[in-house]
Structures are given as C-alpha cells and as structure tokens.
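Reminder, nothing fancy here: chain letters follow the sequence lines and each chain counts from 1.
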Amino acid sequence: MLKEYKSIVNVSGPLLHVEGLEGVKYEELVEIRLVDGSIRNGKVLEVDGDKALVQVFEGTTGIETEKTSVRFLGRGIHMYVSPDILGKVFTGLGRPKTERDKIIPEKSIDINGAPINPYARDYPNEFIQTGISSIDGLNTLVRGQKLPIFSGSGLPHNRIAAQIARQAAVLGKKEEFAVVFVAIGITFEESQFFISDFEKSGAISRSVLILNLANDPAIERIATPRVGLTCAEYLAFELNMHVLVILTDMTNYCEALKEVSAARKEVPGRRGYPGYLYTDLATIYERAGRIKGKTGSITQIPILTMPEDDKTHPIPDLTGYITEGQIILSRSLHKKKLSPPIDVLPSLSRLKDKGIGKGKTREDHSDIFNQLYAAYARGKEVQELAVILGEAALTDMDKIYFKFAENFENEYVSQGEYENRSIEKTLDLGWKLLSIFPREELKRIRDEYLDKYLPRFKKEEPGES
Amino acid sequence: MSKLGKIIKVAGPLVVAENMTGSKMFDIVSVSEKKLMGEIIGFSGDAASIQVYEETGGIGVGEPVYPTGVPLTVELGPGIIESIYDGIQRPLNKIYDKAGDYITRGVQVEALDTEKKWKFEPIAKKGDNVSEGDFLGFVQETPIIKHYIMVPFGTAGEIKSIEDGEFTIKDTVACIKTKNGDVDVKMVQKWPVREQRPYTEKISPDMPLFTGQRVIDMFFPLARGGTACVPGPFGSGKTVIQHQLAKWVDAEVIVYIGCGERGNEMTDVLLEFPELVDPKSGIPLMKRTVMIANTSNMPVAAREASVYTGITIAEYFRDMGYSVALLADSTSRWAEAMREISGRLEEMPGEEGYPAYLGAKIASFYERSGVVKCLSGENDRVGALSVIGAVSPPGGDLSDPVVQATLRVVKVFWSLEANLAYSRHFPAISWLNSYSLYIDNISDYVKKNVKDDYFDLQTEAMRILEKESELEEIVRLVGMDALSAEDRLILLTARMIREDFLHQNAFHEVDTYSPVEKQYKMMDLIIYFYNQARDYIKLGADIKLIETMKVRNRIARMKYIKNTEIEKIDTIKEEINTEISSLIEE
C-alpha cells in the first residue's frame with residue numbers, strides 16, 4: 001500500500017531531495033532503505049509539487065541516489081508508551097535501546113505534542129525543596145516550572161542537576177514522582193554519571209532514560225527532547241505523576257537545528273542560528289507545567305553550556321526569554337572552590353513569588369530574599385571598590401557589606417554536594433548572615449519580621465555590630 | 001464564490017496554492033479538509049502564498065484550499081470584556097470546552113457568545129437622524145463598562161425602529177432608513193484587523209496617564225493616548241512592569257496582548273485579575289480587561305495576527321469614548337513572527353534577517369494610538385488609546401533593529417537595566433537613560449490638578465541623581481573621603497531617592513500601587529530632608545551625624561504607609577526638624 005520511491009535526486013548534508021512523489025505530507029515520517037538493507041528514519045521538511053525535502057535523522061552516510069529507496073509512512077514520528085517505560089532506556093528517536101528495554105505499547109503518541117491551552121493551565125505554586133540554599137532561598141523552584149541551568153564547559157552543572165534530582169521534595173508530601181533524563185549529544189561519561197547516581201539513590205526504577213550520546217547521529221537530536229517530553233506528558237497527565245525532566249545539553253540540540261537550517265540554505269538569524277530558533281525552543285520548553293484538574297506536573301531543568309560563558313549568545317539568550325528564570329553558574333566562584341558555584345545575582349526564578357511565603361515556606365521568606373539580594377549586590381560593589389582603593393578606604397558601613405558578601409558566598413552559597421538543607425535552615429542562615437548589619441540598614445524587611453526573627457540571631461553574636 | 005485552490009507547496013507555516021485567481025491579498029482561506037485558517041500574503045501568477053495560523057503537519061500537495069473572499073476580521077460586540085482570545089480571536093475557554101487541555105487543529109469556535117441575551121437600552125429614538133459612529137443604545141456589559149452600540153461605519157439615515165429589551169448579538173436592535181435602503185443594525189459588527197478604524201480628527205495628548213508606579217509617574221510619565229516602549233534583557237522585569245500597568249493604569253479598558261510569551265504568565269493574569277480590585281471603582285480588574293494570549297508555542301502566524309486583533313479591539317472601545325490602554329508583551333516576538341514568514345517567502349532580508357518593511361509595520365502599529373475625536377455626528381466624544389509595548393532585544397542589546405524601529409516612533413522610553421535587576425531594584429527602569437517626551441504636553445494639567453511644583457521636584461531629584469553618577473566616578477578613583485560634606489549629602493540623598501522612592505515592590509500589598517498624591521508627598525519629603533540637611537551642613541555639621549539620623553528609618557518606610565493615610569507622611573517633616581534641632585543643640 002505504501003509506495004516505495006527510488007527517486008532521490010540530491011543528497012546534501014543531512015537532507016535528501018526526492019522527486020516524482022504523490023500525496024506526501026508535511027512533517028511525515030520517512031523510512032529510508034539503504035543498499036545494505038539497513039533502515040534509517042527521516043522527516044519531511046518541505047513538499048513542493050512532486051518534490052520533497054527529507055531530513056535524515058541518522059545521517060546520510062552510505063546513501064546514494066540510485067538504489068536507496070524511500071517510503072513515506074503517512075504519519076509523524078510516534079513514541080510508543082506504557083507504564084512500563086519507567087526504568088527503561090530509549091534511543092534519541094524513542095526506540096528501545098536493547099532487548100531488555102522493549103515494552104508492550106499501550107499507546108502511540110505523536111512526539112510533537114500540541115500546545116497546552118493557556119486557559120487549561122494551572123499556575124505552578126508548590127514549592128520544591130532542593131536542599132540547595134541558593135536555589136531554595138533565592139531562586140525557588142516550583143512544580144511545573146522550567147528552570148534552566150546556564151553553565152559553561154568545565155563547570156559542575158551535572159552535579160547540581162543530579163543533586164536536585166536526588167534531593168527534590170515537596171514539603172509535607174509523599175507522592176508519585178518520576179525522572180525523565182534526556183541526554184542530547186553528551187558524552188558517555190557524563191550520561192554514566194547520571195545513571196550511576198540514579199542507581200545509587202534508587203531513582204533508576206522511576207526513571208526513563210532517553211540517550212543520544214556524542215557519537216550518535218547529530219540530526220536525531222532534533223527529535224530527542226521531544227521524545228523525552230512525550231514520555232513526561234504521558235507520565236504526568238495520564239498516570240498522574242510528578243515528573244522532573246532533565247534535558248542536557250540543549251546547546252547540542254541547537255547545533256543540530258543550525259546544521260539542518262544551513263543545509264536548507266535558509267537566511268540565518270544571529271550567529272548562524274535559524275530565525276525560528278525562539279519558536280522552536282518554545283515548543284520544547286513550554287511543554288512544562290500543570291494542567292487544571294490533573295494531579296501530575298512536569299518540571300523541566302534544561303542544562304545548556306554557554307559558548308565562551310557568554311550569556312548574550314543566542315542559545316542562552318532565547319532560552320532565558322522562554323523559561324521561567326535561570327540558574328547561572330560562575331567560573332570565578334568555581335575557581336574559589338565554592339560548590340555549587342551558583343552566581344546568585346543574575347540567577348532568577350520568576351515563579352518564586354507564588355511558591356514562597358506563609359503556608360508554603362515561611363512568612364519572612366520574601367523579605368529576607370529581597371534583603372539578601374540587595375545586601376549582596378552592594379557587597380559585591382564594595383568589593384570591586386576595595387580592589388581599586390584598598391579596604392582601608394571604605395566607610396564603616398561599606399566594611400560591613402564587604403564582610404557580608406564574603407560570608408554570604410562561603411556559608412550560604414557554598415555547601416556540600418550531599419548536604420541537604422531544609423528551607424528552615426536556609427532561611428535562618430539568611431538571618432544569621434544579615435544580623436551583622438544594624439537594624440536600620442535592613443530596609444527591605446518588614447518591621448514585624450525584624451521584631452520577630454532578628455533578636456534570636458542578634459543575641460547569639462553579641463560581639464558583632 | 002471563487003473556485004477551489006490546490007496546494008502545491010508546504011514549508012512550515014507557509015503554504016502555496018495554485019488556481020487562486022479571484023482571491024485578494026490578505027483574504028482568509030481554509031486550508032485542506034482539516035479547515036486550517038490561513039491568510040493570503042502574496043501572489044505569483046495564480047499561485048497564492050498563504051500563512052497558516054495553525055500547525056501544518058500532515059498537509060500535503062494536492063489538498064484543497066477554500067477561499068472565503070473576506071479579510072481577517074474581528075467580531076466586535078457585547079461579550080468581549082473578560083474574554084481571553086488566541087491570536088485570531090478564538091476564545092480559549094471555548095476551545096478548552098471543545099478540545100480539552102491542548103489546542104488541537106481546526107477547532108472552530110465563535111468569537112462571541114451568540115446565545116447569551118444582553119439587555120439593550122436605547123439612547124436614540126425612533127425618527128432620530130443618525131450617522132456613522134452615533135450611539136444607538138448600550139448594554140451594561142460589566143458593572144464598569146457600558147458597551148455602546150454604534151451606528152456601523154458607512155451608514156446614515158433616520159431610525160425607523162429601535163428596540164428595548166433582551167437580545168442576543170445576532171438579533172436586530174434597530175433599523176435605519178438610509179439612501180440605499182433599510183439597514184438592520186445588530187449588536188455585533190465585524191472589522192478587518194489590518195485596517196485602522198476611522199475617526200474624525202486626531203488631537204495632541206495633554207493629559208497624563210498615571211500608573212501608580214513611582215518611577216514612571218514622577219520621572220518618565222506617559223500621556224493618555226501616548227506610546228511607550230519597555231526594552232530590556234530577559235529577567236529585567238518587562239513582564240512584571242506590563243502586569244503592573246495592566247493592573248493599576250488609570251484607563252477604563254485594558255487590552256493585554258501576550259504575544260509569543262510564556263503560557264504560565266497568561267495563567268497568572270487569568271487567575272490574578274479576577275481577584276484584584278481596581279482602586280478607583282472597587283470592581284475586579286477583570287471586568288475591564290480583554291486578553292489576547294498567543295503563547296510562544298502556539299502557531300507563529302497567529303502570533304503575527306495577535307497584535308492586530310488586539311489593537312482593533314482597543315480601537316473599538318476608544319470609539320465609544322473610553323480611555324483604553326493596550327499592553328503588548330512582547331513586540332519582538334511579533335517581529336520575529338514577521339521574520340519567519342518573510343524567510344519562508346524567500347524575501348530579501350534586511351538587518352538581522354528581519355524583513356525590510358519591519359520599521360514601517362512597527363510605526364503604523366504604534367500610530368494607531370492617540371487621542372481622537374470619535375466619528376459621530378452629534379457630540380464631541382473623545383477617546384484615547386495608549387500603547388505600551390515591551391521589546392525583548394537579544395542580549396539586551398539596544399542596537400537591535402526592533403528596538404531601534406520602535407524608538408523612532410514612541411515618545412516614552414523606559415530602559416530596563418540588568419544591573420538594577422540583579423540587585424533586585426525593581427522596577428529596573430534606568431533613571432539615567434530613560435526619557436519621556438510628554439512632560440511639556442501634560443505639565444499644565446499636572447500643575448493644575450496635582451501640585452504646581454510637581455515637575456520642579458522632579459527636576460531637583462533628577463539633578464541629584466545625575467550628580468550622583470558623576471560623584472560615583474570620583475569615589476571610584478579616589479575614595480569617599482575625598483568628597484566634601486555637601487557632595488556626600490548628595491550621595492546620601494540620591495541613595496534615598498533610589499531606595500526609598502524609585503524602588504517599588506510589586507508584590508507588597510500597599511507598595512504595589514502608589515497614588516500620585518502619595519508620590520508627590522514622598523518626593524517632597526526627601527527633597528525637604530535634603531534642603532534641611534544642607535542648611536545644617538552649611539552651619540558646619542558633620543555629615544556622619546546626618547547619615548545616622550533616626551528619621552531616615554521613618555523615611556525609608558513611608559512607602560508602606562497605607563494609601564488612605566498619606567497625611568502621615570507630612571508628620572515626618574516635623575520629625576526631621578526636631579531631630580536636626582536636637583543635633584544642633586548637642
């Protein structure tokens with residue numbers, strides 16, 4: 001019934017031009033049979049008259065124009081799912097990795113998904129305790145959020161993501177949760193790090209692993225995050241689980257997109273990336289969230305390495321415009337051996353305001369958050385000033401700010417990889433650090449909280465003021 | 001009607017169909033049996049290029065295209081307020097009822113409820129001579145919005161009959177006898193979105209549009225009927241500012257366009273606005289709001305249309321004589337949608353791949369704002385449409401073509417700075433780079449209705465802030481000790497202006513909205529403190545004594561004084577006097 005064509009006229013990069021076709025649809029899945037009988041997968045990027053442009057996921061090595069045949073399957077790329085996907089490993093195209101990973105499918109779902117109706121969304125407002133002070137206290141993660149980690153090569157982003165996956169918990173609740181781990185073009189070692197960490201913590205039995213490693217076909221990476229998110233949507237909205245999705249490394253995804261765009265000779269946008277990069281990334285990131293009337297949720301932690309640590313590079317830039325904040329890692333903190341090296345000033349969680357406060361974390365959270373930020377920002381300015389003028393030239397108040405910034409980095413930001421701090425502990429630590437200021441200086445905190453909390457910490461250190 | 005077209009090419013949101021003669025540019029078509037909505041954006045021979053407002057996956061060559069012969073229109077009538085639409089005016093709640101949690105393709109829903117009965121109360125009566133734009137009657141759509149039913153454009157004559165009672169929008173409420181025969185008037189009318197709605201005459205804006213945001217009202221005010229833009233890198237608080245304006249701006253109708261932005265942000269608005277209460281009327285803010293939500297993952301062509309849908313709805317309420325504020329977040333996503341379509345059309349790109357007509361499109365969009373004498377034969381009805389657009393330049397780089405094209409047309413520029421946002425100084429509007437060109441227009445009104453020295457205070461405060469940035473350079477080189485006491489007082493005062501006045505907490509129940517009277521008192525107090533302290537320094541006082549004055553703590557907390565008790569701010573002046581005189585005695 002499905003026609004087979006042997007009319008490839010042109011192969012360029014990852015693309016095939018096929019002619020003499022009938023009834024081919026846009027975005028249709030394509031099966032390419034090589035001379036040696038092996039099968040590759042592709043997707044229709046454009047149909048024009050009797051011609052089609054096909055993107056081959058596994059690369060075009062070995063494809064020739066005479067004997068290679070092409071079949072159009074009349075549907076898009078689908079992922080087969082069932083509750084058994086937990087604990088299984090899939091390729092970047094969603095095929096079982098080994099015999100052991102085969103499942104009896106209950107359902108097949110188009111990996112492109114459909115946009116969630118904004119009207120159907122429920123606002124994310126459940127605080128997730130990650131046990132990391134600089135996230136819980138200052139860049140609070142909530143269920144259904146998409147919060148990327150902007151990192152650079154050589155920075156410990158994987159360790160942070162693994163720590164979050166290990167420690168993440170919602171206060172006072174025990175619920176079904178799952179982890180979907182999506183490796184996009186990362187090395188075997190990096191992916192092994194996650195897998196062994198999941199094995200150690202026992203999370204592996206509640207995890208779905210989608211692996212496209214560095215030596216796997218690059219173009220396949222365009223499908224990989226979508227396969228992962230399709231699993232996540234199934235687990236969250238059909239099986240009512242709370243799903244944490246880790247996507248690493250999104251930079252490789254964007255590179256693959258760029259490669260296809262270049263092969264199509266499209267007019268490039270900034271730095272050679274296609275003009276539709278924003279829209280394309282949005283179709284991935286926007287698949288996080290909560291839906292009214294459903295208990296499950298999808299929380300996304302995409303990781304991306306910023307080329308040259310440049311935040312204005314199109315990949316982090318466009319990501320930051322779509323996601324609800326970002327955690328930025330700092331090379332200078334990393335060099336100071338602070339772990340995790342989270343640069344709190346440019347980091348941000350947009351959804352924190354709805355996830356913190358009375359009944360969620362603690363009533364003073366928002367004020368102490370504002371005060372810590374303001375004080376640390378001023379402290380950093382003072383530190384810069386001190387570099388030029390010397391510490392002696394600082395005013396008395398500036399000296400306190402100087403000291404505060406140091407303490408803050410060493411005690412608040414820095415913590416052990418296996419240290420799981422409760423939110424109470426994080427907030428109290430904030431008070432302790434702020435207590436070196438005279439009370440009048442703490443302008444961002446309401447009087448009632450100053451009255452309630454400050455004395456506790458002032459008393460402990462009567463020597464300082 | 002014209003014949004069926006046939007698809008010959010599909011490339012993303014762009015579809016090319018042949019055999020399309022008879023259709024016109026910007027006509028709406030239905031693509032394939034799935035009935036996807038599209039718009040003709042180009043012709044080549046008998047082949048039309050069509051941008052499709054829905055995902056085109058699964059569409060192939062040879063499928064039919066059904067012409068409709070009409071351009072993209074919006075339906076205007078009772079039921080618009082409180083709605084949330086996608087970019088092509090499909091109500092998202094009805095899509096939800098029909099299709100569930102996800103927006104699936106080809107869903108067809110009515111823009112307005114055709115079943116609901118509205119109470120139509122006539123204003124004109126039988127026998128009256130009416131012309132286009134005249135009020136026939138009104139529907140009390142929400143407690144604060146009287147939805148006037150106007151004589152459709154191009155119609156004039158004598159009212160043959162007019163009803164009074166409950167009607168759906170499809171019922172005829174009046175019949176007008178015109179030169180060309182009788183015209184039945186219904187409560188709903190259609191208007192093509194890409195066409196500006198007519199008015200009699202445009203007039204210069206001369207009234208301020210207060211927003212309750214101190215940095216805006218005091219330093220960079222907006223005029224009623226004016227235009228403003230808010231460019232800034234991600235995380236600098238564009239969306240929070242847009243939300244704050246939508247909540248507190250002193251306009252009667254708000255149109256909020258979420259153009260290519262986050263889904264959760266729209267949900268936030270949807271959940272929050274029915275709860276929040278307008279400080280003036282005491283009615284939930286939702287009762288004056290229309291929302292257009294085309295989030296970033298929804299089809300890109302509909303995003304392109306969403307700003308036009310929004311501004312046409314805004315113009316419609318302007319025509320009723322309302323002051324309307326339109327907030328578009330973000331116009332960069334709209335420009336990117338244009339770029340994407342232009343790329344698929346294989347047009348020669350301009351800067352950064354944007355089409356060469358980018359500037360023209362942006363300019364004509366903002367130019368649909370303004371204060372106008374509404375089209376009407378009988379009275380001097382005046383309506384205003386203010387437009388505030390967020391811009392998201394890549395990397396916060398203001399040389400971005402969208403920012404530059406926008407700055408050429410807008411009169412107010414609120415520049416957001418990442419450094420301010422990093423220290424959580426919100427709103428992160430830079431006081432050194434922003435500007436408002438409306439101060440001259442509105443100063444007469446403000447002097448008369450608020451305080452005559454309002455802008456004098458502003459000038460003085462601005463002088464102090466500018467001086468601060470100069471002095472900071474010096475401090476960076478030689479240290480604080482090198483400054484004279486008077487200069488150090490400037491630094492102190494500037495810090496007070498920044499922290500105690502400009503910084504405003506959007507999430508604090510009182511601080512989120514500052515009435516202009518309170519703003520005046522606050523600024524007046526800080527300048528009063530400055531003048532008193534300066535006199536004291538002239539007597540030879542030590543600056544350190546002033547820096548540690550207790551009253552500063554009171555000043556720092558004045559922003560949290562309830563809006564109903566703003567007289568309390570004046571009492572702080574006495575405290576300043578007492579403390580300084582006790583210092584002098586010592």
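Heavy atoms of A:D110 lying under 4.5 Å from chain B are absent altogether. Heavy atoms closer than 4.5 Å to chain A are found in the side chain of B:I84, but not in its backbone. Proximity to chain A is absent for every atom of B:I7, based on heavy atoms less than 4.5 angstrom apart. For a residue to count as touching a neighbouring chain, one of its non-hydrogen atoms must lie under 4.5 Å from one of that chain's; by this rule A:K380 does not touch chain B. Looking at B:V300, the atoms closer than 4.5 Å to chain A (heavy atoms on both sides) all sit in the side chain, from C-beta outward. Only the side chain of B:K238 comes within contact range of chain A, with at least one heavy atom under 4.5 Å from a heavy atom of that chain. Contact of A:E384 with chain B is not made at all, since no heavy-atom distance falls under 4.5 Å. Neither the backbone nor the side chain of A:E28 comes within less than 4.5 Å of any heavy atom in chain B. For chain B, no part of A:R271 is nearby; none of its heavy atoms comes within less than 4.5 Å. Within the 4.5 angstrom heavy-atom criterion, only side-chain atoms of B:P349, from C-beta onward, approach chain A. Using a 4.5 Å cut-off between heavy atoms, A:E441 touches chain B through its side chain atoms alone. At a 4.5 Å heavy-atom cutoff, A:Y376 makes no contact with chain B through either its backbone or its side chain. Heavy atoms of A:L442 lying under 4.5 Å from chain B belong exclusively to its backbone. Proximity to chain B is absent for every atom of A:Q371, based on heavy atoms less than 4.5 angstrom apart. Contacts between A:K51 and chain B at a heavy-atom distance below 4.5 Å are absent for every atom of the residue. Proximity to chain B is limited to the backbone of A:T323, based on heavy atoms less than 4.5 angstrom apart. Heavy atoms closer than 4.5 Å to chain B are found in both the backbone and the side chain of A:T279. For A:F369, the part sitting under 4.5 Å from any heavy atom of chain B is the side chain, from C-beta outward, and nothing else. Neither the backbone nor the side chain of B:D397 has a heavy atom closer than 4.5 Å to any heavy atom of chain A. For B:L270, the part lying under 4.5 angstrom from a heavy atom of chain A is the side chain only.
Using modelled atom types, no side-chain atom of A:Y26 and backbone atom of B:A11 make a donor-acceptor pair closer than 3.5 Å. The backbone N or O of B:G263 sits less than 3.5 Å from a side-chain atom of A:E286, completing a donor-acceptor pair. The backbone N or O of A:L385 sits nowhere less than 3.5 Å from a side-chain atom of B:R476 that would complete a donor-acceptor pair. In this structure, A:N370 contributes its side chain and B:R424 its backbone to no donor-acceptor pair below 3.5 Å.
A cation-pi arrangement, defined by a distance under 6.0 Å to the six-membered ring centre and an angle within 45 degrees of its axis, is absent between A:R350 and B:F234. Both tests hold for B:R344 against A:Y276: distance to the six-membered ring centre under 6.0 Å, angle to the ring axis within 45°. Cation-pi geometry between A:K292 and B:Y96 is met: the NZ or CZ atom falls under 6.0 Å from the ring centre, inside 45° of the normal.
Per-residue counts of heavy-atom pairs under 4.5 Å with chain B were compared for A:I388, A:I322, A:L318; the largest is that of A:I322. Listed options B:E346, B:E18, B:M298 were ranked by heavy-atom pairs under 4.5 angstrom with chain A; first place goes to B:M298. Looking only at heavy-atom pairs under 4.5 Å with chain B, the residue among A:N112, A:I291, A:D396, A:D367 that has the most is A:I291. In terms of heavy-atom pairs under 4.5 Å with chain B, the best-connected choice from A:E27, A:R75, A:R270 is A:R270. Listed options A:L345, A:L394, A:V24, A:V344 were ranked by heavy-atom pairs under 4.5 angstrom with chain B; first place goes to A:L345. Of the listed residues (B:R552, B:H425, B:E55, B:H508), the greatest number of heavy-atom pairs within a distance under 4.5 Å of chain A belongs to B:H508. Chosen from A:P274, A:S347, A:A114, the residue pairing most often with chain B at heavy-atom distances under 4.5 Å is A:A114.
Here the CG-CG distance, from B:D268 to A:N125, works out to 10.5 Å after rounding to the nearest 0.5 Å.
Using a 4.5 Å cut-off on side-chain heavy atoms (C-beta onward), B:D86 and A:P118 make no contact. Here the side chains of B:F507 and A:K352 are not in contact, with every heavy-atom distance at 4.5 Å or above.
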Please assess A:K294 against B:D101 for the test side chain to side chain contact (heavy atoms under 4.5 Å, CB included), listing each intermediate value before the final yes or no. CA-CA 10 Å; A:K294 306 241 162 122; B:D101 299 332; 2.8 Å; yes

Is there a side chain to side chain contact (heavy atoms under 4.5 Å, CB included) between B:N264 and A:K354? Walk through the geometry before answering. CA-CA 12 Å; B:N264 279 330; A:K354 299 278 157 63; over 6 Å; no

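For the side chain to side chain donor-acceptor pair (under 3.5 Å) with A:Y278, the qualifying choice from B:R339, B:E340, B:R333 is B:R333, the only one to do so. Tested against A:K443, the residues B:H503, B:K559, B:E499 include a single side chain to side chain contact (heavy atoms under 4.5 Å, CB included) partner, B:E499.
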